[in-house]
Amino acid sequence: MEGRLTGINRKETLQYLGYLGSEIPEQLEQDLTRCEEEVLKTARPRVLWKLFSLEQDGRFAGTAFSPRGHDVQKLLKDCNQVILIAVTLGSETEQLLRRSQIRNMGDAVILDAAASAAVENVCDNLCKDLAERFAPRYLTDRFSPGYGDFPFAQQRELFGVLDITRQIGVSLSESGLMLPQKSVTALIGVADRPQEHRHRGCASCTMFETCRFRKEDTHCGAI
Amino acid sequence: MEPFELILLDGGMGTQLQAAGLPMGQAPEIWNLTEPDKVTTVHRRYVEAGSRLLYSNTFGVNRLKVSRTGYSVRDLVQGGIRCARAAAGENVRVALDIGPLGQMLEPLGTLRFEEAYDVFREIVVAGRDAGADLIVIETMSDLYEVKAAVLAAKENSALPVWVTMTFEANGRSFVGTTVPAMGLTLTGLGVDAMGFNCSLGPKELLPLIRELRRWTDKPLILKPNAGLPDPATGEYHITADEFAEELIPALQEGVQMLGGCCGTTPDFIRALKKHTDREIVKNPVVWRCFGVCSATQTVGFGGVRVIGERINPTGKKRFQQALRENDIDYIVTRGIEQQDAGADILDVNVGLPGIDEAEIMTRVVKALQAVVDLPLQIDSSDPAVIEAGLRVVNGKAVVNSVNGKAEVLEAILPICKKYGAAVVGLCMDGEGIPQTWRDRVRIAERIVKAATAVGIPKEDVLIDCLTLTVSAQQDQAAETLKALHYVRETLGLHTVLGVSNISFGLPARENITVSFLTQALYAGLDLPIINPNQRAVMDAVASFRLLSGEDRDGEAFIRRFAEIEESTKKPETAGKEMSIQESILRGLKGETAAATIRALETRGEMDVINELLIPALDVVGDRYEKQQIFLPQLINAANAACGGFDVIRERLARSGTQSVSKGKIVLATVYGDIHDIGKNIVRVVLENYGYTVIDLGRDVPVRRIVDTIIREDVKLVGLSALMTTTVASMAETIAAIRRSGHDCRIMVGGAVLTPDYAAEIGADYYAKDAKQSADIARMVLG
């Protein structure tokens with residue numbers, strides 16, 4: 001399955017930029033368009049996925065990995081199989097973002113937001129492809145380490161199980177952060193009956209940690 | 001090793017151990033100590049299948065990875081070599097297998113080159129002591145990481161070193177390394193064999209092997225996967241026989257070492273043995289390209305290659321000031337400009353009395369590599385500075401320069417050889433610059449002889465016939481051209497020449513420079529050292545490339561001049577003169593600079609800063625707070641103001657005045673955190689309010705922050721953390737600053753922080769955004 005980046009959701013980019021609803025001046029519109037094009041041109045999305053059977057004790061068959069937390073348990077309650085995914089826009093995008101921070105910081109913040117929206121698009125496309133491939137079975141929402149009570153620290157185990165660094169070139173820093181930064185890991189349950197797709201909601205949003213709306217006890221309206 | 005002997009390697013290890021019961025995701029190396037028999041059994045099955053060389057089960061052994069397991073690198077490596085040796089017997093050799101460290105090196109990651117070297121050194125020493133026969137560095141994506149590993153291997157053992165890297169089908173690695181860059185760099189570093197492993201099957205790797213063959217004369221290695229795995233089942237699809245069949249053509253490309261990677265088993269090696277036994281293995285004629293490269297861009301020799309001369313403090317007050325004040329950004333910007341103007345290689349000269357040239361060279365090389373793709377030319381006469389630069393270069397560099405003096409050749413050529421650099425040889429010696437072309441050529445011949453004697457191929461010796469100022473020595477221009485012609489045509493060497501010097505002291509210099517450049521190119525100059533920012537000079541290069549046939553069908557020429565015509569057509573911002581405030585509000589850097597120049601006609605520098613630039617920024621900040629504009633506009637305005645500050649700095653540097661600064665601020669993204677865009681935004685804004693920012697970067701150890709605060713005696717430090725997981729590290733940093741007794745004020749920011757939490761961990765100020773950090777700076781520093 002190829003990684004597919006098919007577009008960048010402008011609303012999402014603006015959300016990452018902390019857009020508060022004021023009118024967007026024409027110059028900024030142009031900058032947004034230019035930066036989105038730059039990301040689309042630069043990104044080389046790579047995806048990786050693998051199917052596991054779930055053991056009675058919640059372990060992924062053939063591995064020593066079992067996700068912790070009630071939220072994952074709830075997500076997988078109907079599932080006897082689970083897919084692990086890893087997605088990245090690649091080091092080319094990381095380089096674009098880093099270099100832009102030296103060349104032109106104004107562009108850098110827009111590029112960063114556009115790249116965040118882009119990696120979501122790649123994830124959405126992968127999930128669509130997987131849903132087709134696994135039909136007539138049903139897939140749950142995707143769920144990443146750090147969402148809800150799924151411990152962020154389990155990222156490292158996930159990296160081991162999927163051999164992510166070797167397969168798609170994403171590495172994990174000492175403190176557990178992914179590089180290239182525009183990368184996502186998640187698990188998706190496979191069930192025999194339709195799964196409820198919740199709102200993406202704050203708890204399952206990739207901005208959960210850092211959202212300025214949530215910090216001010218409000219939300220962005222996109223969910 | 002016999003020159004054309006085929007050596008069968010082994011196949012997959014991890015998958016074999018998983019078949020023997022190792023859970024997926026668990027480090028296989030631990031079995032070297034806990035289940036050695038199972039590891040040896042896998043090795044033995046490869047020996048039985050025909051492997052002549054075993055890779056030890058140490059791929060993931062390095063202290064960054066094993067620190068969590070409770071085992072030491074030394075024990076795991078020793079165990080790994082022991083397991084392989086037990087299966088090897090008399091006729092099979094054992095290689096210490098070294099894999100990637102699993103963390104990204106600078107500039108994309110935060111692992112420093114020097115630290116990577118040290119991690120590799122520990123593995124090499126353990127493997128050497130355990131009795132490995134050679135060292136294999138494999139599955140690498142990052143050429144820089146490979147360089148650290150190769151240096152560690154060669155400097156700490158006498159064992160042969162092989163390298164295989166992992167590429168995608170498009171001919172690039174995950175971090176953008178290209179095949180030519182790999183070939184040039186590793187050949188230069190003197191590895192004993194190189195090639196590819198993992199990620200692709202035999203068919204996909206074949207075109208890459210053909211490309212690699214063009215850039216090296218070393219024996220080649222191929223260890224492909226068994227095709228690509230089915231994600232749902234994890235199984236590979238090609239059979240052992242198909243695998244072997246598909247690898248046969250590789251033998252004709254000069255591949256001498258064959259084996260398998262993921263998904264391959266002893267059956268694959270058995271099939272390889274069967275299929276290759278009936279083939280005659282021969283190394284085809286080697287035709288090898290030369291050139292220099294960064295990890296991502298290769299500049300082959302032959303044709304005109306422009307070396308940009310602007311990173312050099314000679315005669316440039318502003319540049320000298322930047323060096324003295326550690327203003328690396330200023331220097332890097334000169335690199336970006338030249339890349340944009342069409343330079344192919346960047347000369348890097350940071351020599352200035354009273355500075356630590358080696359240290360600055362290291363920093364400048366690293367900073368340039370983070371932003372520009374061009375290969376570098378390390379320009380110094382001091383061997384220690386040259387080595388400092390070459391060591392941290394990613395790719396293959398040029399050294400500028402040696403001359404005909406015996407002691408210079410003896411001191412510098414071995415360094416060039418060790419790091420695989422090309423070298424510029426100046427046609428002068430202890431007696432000075434010869435006045436006749438014949439005498440210069442004689443020195444060139446001497447330099448080439450000395451270079452080839454230490455193992456530098458003559459294709460990597462670039463001769464500089466020297467330009468003398470025509471206003472002082474008029475007859476010398478012709479001598480230079482004659483020498484050039486002879487060196488290029490008769491000696492067959494590539495030539496370098498600093499061209500601009502020709503016109504020194506004359507009016508309308510550009511006329512002479514361009515005319516001399518054209519004549520020199522015709523005489524055989526192929527690597528002119530020039531200022532690519534001068535349009536007329538680059539126009540001459542573009543014209544020459546068309547006339548010489550290098551620019552096929554004039555494509556580049558037409559593109560260049562179509563673009564230039566286009567850009568001259570555009571009206572200059574409606575022709576109206578804008579005020580400083582208006583141009584800053586609209587985020588126009590060039591206009592702000594122009595308005596600043598006009599303002600300086602009637603006002604002093606400090607006056608312009610305090611009465612015009614800062615108030616304009618305040619208006620921007622105010623609008624941002626009222627949410628009339630948002631982040632990108634705030635930053636663009638700050639950037640525009642920078643245009644004004646640059647004008648003033650330039651002017652003050654010329655008059656010899658210390659640069660203007662409203663005070664020093666240390667900024668750092670705390671240890672463990674690699675998300676630094678927020679910190680970088682704050683930095684841009686603070687700098688454009690006139691503060692001097694000492695930016696320590698990201699993932700900064702507590703100690704370094706405290707030391708810098710004390711050494712620079714700063715009154716304000718800004719700390720940033722983006723993740724909840726790294727806020728703890730911020731708290732530790734604050735505690736350490738307090739413990740040091742320094743009375744520095746601390747402001748903190750970052751997405752997960754709140755004012756309450758900032759107070760709780762002991763910060764003095766919480767800055768919710770870049771604008772507020774500027775307000776805090778003003779409160780603390782004025």
Side-chain angles (χ1 to χ4, degrees), chain A residues 1 17-20 22 25 27-28 31 44 46 48-51 60 62-65 90-92 94-95 97-99 101-110 112 133 152-153 156-158 160-163 165-169 171-177 179-181 209-212 215, chain B residues 18 23-27 64 68 100 102-104 107-110 139 141 166 170 173-176 198-199 231-234 329 332 336 370-371 586-587 627-633 635-636 638-639 671-677 680-681 683-684 699 722-726 729 750-752 754:
Chain A
M1 220 164 269
L17 273 172
Y19 173 65
L20 294 167
S22 61
Q27 181 59 49
L28 190 60
D31 290 344
R44 289 186 41 80
R46 295 150 177 106
L48 172 67
W49 64 275
K50 198 162 187 175
L51 180 71
F60 286 28
T63 77
F65 174 71
S91 68
E92 299 82 359
E94 181 73 16
Q95 182 149 329
L97 299 180
R98 293 220 69 78
R99 290 185 172 186
Q101 287 180 39
I102 298 166
R103 277 176 168 249
N104 183 339
M105 201 64 218
D107 280 358
V109 293
I110 302 176
D112 192 84
R133 172 161 175 147
F152 181 72
R156 193 169 300 283
E157 294 171 57
L158 234 150
V161 170
L162 269 185
D163 199 11
T165 306
R166 183 146 156 168
Q167 298 295 335
I168 58 170
S171 67
L172 202 59
S173 78
E174 242 344 84
S175 50
L177 305 178
L179 263 176
Q181 293 180 43
E209 286 264 356
T210 57
C211 175
R212 57 192 270 192
K215 220 154 76 174
Chain B
Q18 276 163 17
M24 213 184 294
Q26 188 170 308
L64 304 177
R68 286 178 195 84
Q103 285 189 33
M104 224 177 246
L108 283 187
T110 58
T139 325
S141 297
T166 297
N170 66 355
S173 75
F174 285 135
V175 298
C198 205
S199 86
T233 61
D329 281 358
V332 169
I336 293 173
V371 200
R586 292 175 58 175
Q627 299 181 2
Q628 290 165 345
I629 60 171
F630 71 123
L631 190 56
Q633 294 152 292
I635 294 168
N636 286 338
N639 253 331
Y671 188 62
D673 209 324
I674 51 177
H675 298 118
D676 61 347
I677 186 166
N680 292 339
I681 294 168
R683 171 189 165 167
V684 167
D699 200 10
L722 197 78
M723 307 290 287
T724 34
T725 43
T726 50
S729 164
V752 292
T754 60

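Chain naming here is simple, since letters A, B, ... match the order of the sequence lines and numbering starts at 1 in each. Values in this document were obtained by computation on a predicted structure and should not be read as measured data.
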Subject >> Proximal component of A:Asp31, with respect to chain B [non-hydrogen, under 4.5 Å] >> reply: side chain
Subject >> Contact class of A:Leu28 relative to chain B, heavy atoms under 4.5 angstrom >> reply: side chain
Subject >> Which portion of B:Thr139 sits near chain A, non-hydrogen atoms under 4.5 angstrom >> reply: side chain
Subject >> Heavy-atom donor-acceptor pair, A:Thr63 side chain to B:Met24 backbone, under 3.5 Å >> reply: no
**OP:** Kindly indicate whether the side chain of B:Asn639, heavy atoms from C-beta on, has any atom under 4.5 Å from the side chain of A:Asn104.
**Re:** yes
Original post:
For A:Gln95, is it the side chain, the backbone, both, or neither that has a heavy atom closer than 4.5 Å to a heavy atom of chain B?
Top reply: both
Original post:
Is there side-chain contact between A:Arg166 and B:Pro100, with at least one heavy-atom pair below 4.5 Å?
Top reply: no
**OP:** Taking the side chain as every heavy atom from C-beta outward, state whether B:Ile681 and A:Gln101 have any atom pair closer than 4.5 Å.
**Re:** no
Original post:
Between A:Glu174 and B:Leu64, which heavy-atom pair has the shortest distance, and what is it?
Top reply: OE1-O, 4.0 Å
Subject >> Residue B:Gln103 versus chain A: region with a heavy atom under 4.5 Å >> reply: both
**OP:** With a 4.5 angstrom heavy-atom cut-off, could you sort out which part of A:Glu94 is near chain B: side chain, backbone, both or neither?
**Re:** both
Original post:
So which part of B:Asn170 gets closer than 4.5 Å to some heavy atom of chain A, the side chain, the backbone, both or neither?
Top reply: side chain
**OP:** Search all heavy atoms of A:Ser91 against all heavy atoms of B:Leu108 and return the closest pair with its distance.
**Re:** CB-CD1, 3.8 Å
**OP:** Please flag which part of A:Pro180 lies under 4.5 Å from any non-hydrogen atom of chain B: side chain, backbone, both or neither.
**Re:** both
**OP:** Measure B:Asn680 against the heavy atoms of chain A and call it side chain, backbone, both or neither at under 4.5 Å.
**Re:** both
Original post:
chain B heavy atoms under 4.5 Å from A:Ile102: which part of the residue, side chain, backbone, both or neither?
Top reply: side chain
Original post:
Which answer fits B:Val175, side chain, backbone, both or neither, if we ask what part of it has an atom under 4.5 Å from a heavy atom of chain A?
Top reply: both
